[in-house]
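Reminder, nothing fancy here: chain letters follow the sequence lines and each chain counts from 1.
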Amino acid sequence: MGFQTEMVVMSIKEIGHSDENALLELLLTYKALGDEDALGNCSTSGCAPFRVKHGDDIDFESSDGDDDAGDTQPNYGDYGDESFIRNISEKDKKINSLVDMGFPENEANMAITRCGVDVDLSVLVDSISASLAAGDFDLSHQVTNRRSDSFGGTTKIRLIEDRKKKRKRYGGTAHGNQIFLDGSHYEHMPPPNPMVGFSLPNCSQLPVDRKIPKKAIGRPFFYYENVAQAPTGVWATISRCLYGIQPEYLDSKHLCAAARKRGYIHNLPIENRAPLLPLPPKTILEAFPRYKKWWPSWDTRTQFNCLRTSMACQQLTGSIGALARTGNPPPRNIQKDMIKQCKEYNLVWIGKNKVAALEPEEIEYLLGFPKDHTRGLASTNRYKSLGNSFQVDTVAYHLSVLRGMFPNGVTVLSLFTGIGGGEVALHRLGIHMKTVVSVEIDKASKRIFRHWWDQTQTGTLIEFDDVKSLTDATVASLVTRFGGFDLVIGGSPCNNLAGCNRYSRDGLEGKESVLFYQYPRILEAVKEAMARM
DNA sequence: TTTATGATGATATTCACA
DNA sequence: TGTGAATATCATCATAAA
C-alpha cells in the first residue's frame, strides 16, 4: 500500500490506535486522495511525528493525540498498543501491522531483529523509515515538490538492500556519495572543509544561506549537539526532526587547543556573537608550556585530537618511551609509529623520552571547565564524563547572543545535561540562570553538576533522571510553572554514532543514540505548551 | 562491587599525486 | 578528475586488580 509514516501518524491521531480496521480504512482514504493532497509534499520519514504541509512552513504534530493528562510513560510516537497485538504472537502481529502500513515484509523483519520485538511500533516504523529513506530522500533543507513516493518501488528497495549488504553497515566508497543506478543517492550532509561553522571569533562573518522555518523562529531557543562525523544520513535525519534547519558544523580546534568536530542545530541568531574572554590557548604548548622542555622537535603536533572517553594504558606509554630511547632522534619509521600513537591517545611529553596521557584537570582546562570540576569521581569516570561533554568555549560562543536578549536571566530546559557544559557556558557568559530543569540519568554526572550548581548558582535547579520519563504532561506543567523556557539545550548520546565505537556503531537507532528522538519530542511539547500560554 | 587495564576495526574524510 | 594512502574518531568489552 505504501503509506508514509506521516500518513500513519495522522491516521492514528484521528482515530486512535485500537481500531485496526478503521485505521487501515482511513489510510486507504488518504491514499485514494493522493499523498500530496492529503499530506502535503514531504521528504521526511526519519522521525515519526513530522509532517510537512504545503507552503513553506514545517509543522510538527504531537505524537500523542491527547493532551497527555495523566501521561506517565514515555510516549514519543507511541502508537503501539498491547490490545493491538493480543491474539497472535507479538512478532508476527507487528510484522503484519508494519506490512499493512505499507512497509516491505523483509524490512519489517529486519527492523524487529535490529530493535527487538518488545519495542514500540513507532520505533520500528522509524527504524524502517530511516533504513529505507537512505536512498529516498531529497537533500534540500527546504520543502520541495519532490514527492517521496512512499518508500520507493520494489526494485529500488532491493537495490538498496543489496547495496547495504555489500556495504555491511554504513559504508561507502572513500569518494563522495553513493550513486544508485537510477540516479538517486543517499541523503548526505557532509561537514564543510574547513569546519568553521557559520562564524569564528575575530573573523569576518561568513556568507551563510540559513533558513529557519517560521515555526522554529524565536523563543524557545534551542541548541542541539552531536558528533559531526556520524554515519551517513544521521544528520539529515536529525535535521528533519529539528525543523529542517541545517547543522552548523564546527571543529573546536578553531577555538581551543583540541579538535572536537561537532554538529550543532539551533535557532539562535548568528550575528553579534562574542567569544569567552580570555580566549583560550590554541596550541598544545601555549596551553601547557611546561611540556616544551621535553617536546621533541620531530613531534610536530600543535593541537590535540578529539578528547575522548578513555585514555592510553601504561603499557602503551611505556612502550613509546622505550621507542624514544632507540635514538636521538629515533629512526624516522619509529618516529612515525610513535607519533601515530601520540595522536590517537593525545599523549604529552612529560619528561625525557617519557610520554603520558593528559590528566583529568588538563582535559577540564582544554574543554573550558573550571579546575577540579569533575574532581571526586574516579579518574576513569572523570575521563568518561569529560569525553562526553561540550567544549565550553565553542558552545558559549554560540550562546553568547542570548546575553543581550535576556538581560534578566534565562529559564533553561537542559536535556542530557551530563556534567553541565551548557550551564557552565552560560555562567561564564555572565547569563543568569533563573531556573534550570536538568535531565540526566548518570548519577555521577548529576552529582558533579549539582555540586557545581550549589557552589556557583542562586537560581532554581530541578532534576529529572530520564528523558523518557519527562512526559508531555510534565513538560506542560513545567512550562506553566516557569512561564515557558527560553532555551532548550542538549546533546544526545553519541555512543552509536561515534567513529571509535567498534562494537555498536548502529546509527540513530542504536541503543543509546535512539534517545535523540526524545529531544524533538520534548522540544515540541515545550513549544505546544508555550503556544497555549 | 567498583575501578583500572589492555585489546578490539570500520567508516568516512583528507590529502597527495598521476 | 580519479585513485590510493593517510588520517581521525564524545567507545566497548572482557578481565584483572583493588
_Ring of Phe221(A), cation from Lys527(A) - is the NZ or CZ under 6.0 Å from the centre and inside 45° of the axis?_
no
*Is any side-chain N or O of Asn381(A) closer than 4.0 Å to OP1 or OP2 of dA4(B)?*
no
*Where the side chain of Pro191(A) is defined as all heavy atoms beyond and including C-beta, which of dG6(B), dT13(B), dA11(C) is the nearest nucleotide?*
dT13(B)
*Could you please name the partner base of dT13(B), counting Watson-Crick and G-U wobble pairs only when both distances are under 3.5 Å?*
dA6(C)
*Taking only the side-chain nitrogens and oxygens of Asn226(A), find out if one of them lies under 4.0 Å from OP1 or OP2 of dC10(C).*
no
*What integer distance in Å separates Leu497(A):CG from dT12(C):P?*
11 Å
*Measure from the side chain of Glu512(A), starting at C-beta and using heavy atoms only, and say which of dA12(B), dA11(C), dT12(C) lies closest.*
dT12(C)
*Can you tell me if the side-chain N/O atoms of Asn305(A) get under 4.0 Å from OP1 or OP2 in dT9(C)?*
yes
*asked:* Looking only at the side chain of Pro190(A) (C-beta and beyond, no hydrogens), which of the listed nucleotides dC10(C), dT8(B), dT13(B) gets closest?
replied: dT13(B)
_Closest-nucleotide ordering on DNA chain C, the 5'-leading residue of Cys306(A) and Lys384(A)_ = Cys306(A)
*5' priority, DNA chain B, between Cys313(A) and Cys500(A) [closest heavy atom]*: Cys313(A)
*Report which part of the nucleic acid Lys340(A) touches: base, sugar-phosphate, or nothing (heavy-atom distance under 4.0 Å, all strands).*
nothing
*Could you tell me the separation between the OH atom of Tyr383(A) and the P atom of dT3(B), rounded to a whole number of Å?*
15 Å
*Identify which nucleotide among dT14(B), dA11(C), dG6(B) has an atom closest to any side-chain atom of Asn193(A), counting heavy atoms from C-beta outward.*
dT14(B)
_Between C1' on dA10(B) and CZ on Arg505(A), what's the gap in Å once rounded to a whole number?_
8 Å
_Short side-chain N/O contact from Gln314(A) to OP1 or OP2 of dT5(B), under 4.0 Å_ = yes
*Under 4.0 Å: is that the gap between some side-chain N or O of Thr380(A) and OP1 or OP2 of dT5(B)?*
no
_Between dA11(C) (P) and Asn495(A) (CG): distance, integer Å_ = 8 Å
*asked:* Quick check on side-chain contact (heavy atoms from CB on, under 4.5 Å): which of Ile363(A), Leu386(A), Asn381(A) does Thr374(A) satisfy it with?
replied: Leu386(A)
*Is there a side-chain polar atom (N or O) of Ser379(A) under 4.0 Å from OP1 or OP2 of dA4(B)?*
yes
*Rounded to the Å, how far apart are Leu377(A) CG and dA4(B) C1'?*
15 Å
*asked:* Which nucleotide wins on minimum distance to the side chain of Arg502(A), given the candidates dC10(C), dT8(B), dA8(C)?
replied: dT8(B)
*asked:* Quick check: on DNA chain B, is the nucleotide nearest Gly499(A) upstream (toward 5') of the one nearest Ala378(A), or the reverse? Name the residue that is more 5'.
replied: Ala378(A)
_Ring geometry between Phe449(A) and Trp453(A) (parallel below 30°, tilted from 30 to 60°, perpendicular above 60°)_ = tilted
*asked:* Taking any heavy-atom pair under 4.0 Å as a contact, classify Glu225(A): base, sugar-phosphate, or nothing.
replied: base
*Ring geometry between Trp295(A) and Trp349(A) (parallel below 30°, tilted from 30 to 60°, perpendicular above 60°)*: perpendicular
*Does dC10(C) have OP1 or OP2 sitting under 4.0 Å from an N or O in the side chain of Arg262(A)?*
yes
_If the threshold is 4.0 Å, N to carboxylate O, is there a salt bridge linking Arg382(A) and Glu361(A)?_
yes
*Is the distance from OP1 or OP2 of dA11(C) to the nearest side-chain N or O of Arg308(A) less than 4.0 Å?*
yes
*Would Arg273(A) and Glu248(A) pass as an ion pair if we require N to O under 4.0 Å?*
yes
*Taking NZ from Lys261(A) and C1' from dC10(C), how many angstroms apart are they, rounded to a whole number?*
12 Å
*Separation of dA11(C) P from Gln229(A) CD (nearest whole Å)*: 13 Å
*Using a heavy-atom cut-off of under 4.0 Å over every strand shown, decide if Ser385(A) touches base, sugar-phosphate, or nothing.*
nothing
*Closest to the Lys336(A) side chain: dA6(C), dA11(C), dT9(C)?*
dA6(C)
_In whole Å, measure the gap between the P atoms of dG6(B) and dT9(C) for me._
23 Å
*Asn346(A) CG to dT9(C) C1': how many Å, rounded?*
11 Å
*Going by atom types alone, do Thr317(A) and Tyr345(A) pair a side-chain donor with an acceptor below 3.5 Å?*
no
